[in-house]
There are 2 protein chains.
Amino acid sequence: MTPPKLLDEAALKERELLIINSAVLLIQKNGIENLTMDKVVAQVPFSKGTVYKHFIGKEDLLLAISNYSMEVLSDLFFRAYQFRGCARSRMLLLNFSYLIYAMLYPALFQCVLCAKSPNVVGKSSEKHISEGEMLEVKLMTSIHGIVEEGLNDNSLSLPLNMDIQQICFSNWSTAYGAISLLSGEVDQCSGRTSLIVERELFNLSNLLYDGMGWNPLTKDSNPCLELKSALDELFPEELAKIKAKGRELNFDSFSFS
Amino acid sequence: MTPPKLLDEAALKERELLIINSAVLLIQKNGIENLTMDKVVAQVPFSKGTVYKHFIGKEDLLLAISNYSMEVLSDLFFRAYQFRGCARSRMLLLNFSYLIYAMLYPALFQCVLCAKSPNVVGKSSEKHISEGEMLEVKLMTSIHGIVEEGLNDNSLSLPLNMDIQQICFSNWSTAYGAISLLSGEVDQCSGRTSLIVERELFNLSNLLYDGMGWNPLTKDSNPCLELKSALDELFPEELAKIKAKGRELNFDSFSFS
DNA sequence: TTCGTCAGTGACGTATCGTCACATATTAAA
DNA sequence: TTTAATATGTGACGATACGTCACTGACGAA
């Protein structure tokens, strides 16, 4: 006798999303440090027991939010990957899509950072942990694709003793470092007076690509203007939303004339 | 009538350090996610009220640990700064002192990362927050010094549209990104199979310096061998301790022959 | 109609937090 | 030496939040 299946997969997924969204709203309102399961339960048309069916604990919920957030990001990455233009430009574009994401969804970005802490991972379900690992691979896929195209069209050759994965990681960790240290959402890195995240990300990325010998080198082109118009074309809605929040990507302070 | 001063500054500081050390031991044993004030109080010859005199809460204690930890790091940085050798080599050395620190004091390193989260900062005392900001400046000082020497001896010129502070930040965020993503202490960055933190840090740093046009360029020297012997000379105790823990900096996998 | 299974509930036991009223120790003045 | 004033230390306690579990009700199979 097969046990009756009363709840379909889709409804479960939908409910999970509802809980996640409620939690995100609470984080936006009260800050991530004041998120409690009781508050989440109060926001949601389910009882505590039901919520705990989906997430084994607060940290597990946080990780699930982080995963959801990475899905959003991977969409941005993929759009950058698919854009026209040379590989190097698209890699820069991808890094900026990361920045756009951090500016547009600060609560989500915060969750991803927090979810990396052992505090969270240590208390989460295997399901969400492995889901998160899958998503990281998915993120890397777009990066990987761009690097491969750069290798194929000979604009990039592998530096001595480095393979594709290492190149991918270099780009990822560079963008990660700059954005997480400078994104205003994380109170870090004093002495950041006069540091502007979009400018530093731009400079760091280009220094890295120049160091790799990835053509066209900065001295041979004007990556800033190109980046600006690509962003306008590829992420018009996102940029508008950022503007609506009172922030704005500012390229005037460092455009090459 | 002047109020009697029963406790001198030094005794207070000493007690604070005792509490911090006890907490670090607990973190090493149980993981940072299981640290509770009750356990700390139980480990310490003071009562809860006294502990709360020093730290307004658990998060404040965590931030204080982070600050202590940054003091340890700034000593390593300073030693790298003072070493002989060209500026670029010492910058690389400094990045590796960061790695040594992350490997040698994983619990401390973890605390610094965790303390950056708004979860912690949002609940901490102004005193410890500003203390932390001072320490970040102190860390930057060593980096800043090396960059300035590079500028002075003309091995480095400022890239287009970048100032000293931006150069410093580039190096910091590069090292930060690579080490925090790859240090085994933080469960991050899947797909890191085959990524070796010391190798990636080495490559990333050199790509960055090459991108800046910082002499000597990689092709002109053997920075790997040079780095190795410098580390042996400057951090013999630390390297020995790392070895005693079963880990080891491995340069064989990527030395240029 | 009856029984078995499973989704859903929310009161409850436990853990941890941070406070506060009180106790003790130390110094200054009487 | 005694007394008053203040600094310092204590741990019991109320509040908050966590996660569980015994129970309810709904649905399908027999």
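Every chain is numbered from 1 and lettered A, B, ... according to where its sequence line falls, protein lines coming before strand lines. Model, not experiment: these values are computed from the prediction.
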Check whether more than 12 heavy atoms from other residues, nucleotides or ligands sit under 6.0 Å from atom CZ of B:Phe78, and answer yes or no. no

Distance check needed: C:dA25 C1' versus B:Lys53 NZ, whole Å only. 14 Å

Looking at B:Val120, B:Asp60, B:Ile56, which one forms a side chain to side chain contact (heavy atoms under 4.5 Å, CB included) with B:His128? B:Asp60

Spell out protein contact along nucleotides 12-19 of chain C as letters: B when the base is contacted, S when just the sugar-phosphate is, - when no protein heavy atom is under 4.0 Å; keep the 5' to 3' order. ----SBBB

Relative to each other, are the rings of A:Trp172 and A:Phe77 parallel, tilted or perpendicular (30° and 60° limits)? perpendicular

Hey, does the side chain of A:Ser142 reach the backbone of A:Lys138 with a donor-acceptor pair shorter than 3.5 angstrom? no

Rounded distance in Å - CZ (B:Phe46) to P (D:dT10): 8 Å

Distance test, side-chain N/O of A:Thr50 to OP1/OP2 of C:dT9, below 4.0 Å: yes

Whether A:Tyr98 and A:Tyr101 hold their rings parallel, tilted or perpendicular, with breakpoints at 30° and 60°: parallel

Please answer whether the main-chain N or O of B:Ile196 pairs with a side-chain N or O of B:Glu200 as donor and acceptor at a distance below 3.5 Å. yes

Take a 6.0 Å sphere around CZ of B:Phe235 and say whether it holds more than 12 heavy atoms from other residues, nucleotides or ligands. yes

Taking only the side-chain nitrogens and oxygens of B:Arg15, find out if one of them lies under 4.0 Å from OP1 or OP2 of D:dT8. no

Tell me, which of residues 60-68 of chain B have any heavy atom that sits under 4.0 Å from an atom in DNA chain C? none

Can you check whether A:Val112 reaches A:Met70 side chain to side chain, under 4.5 Å on heavy atoms? yes

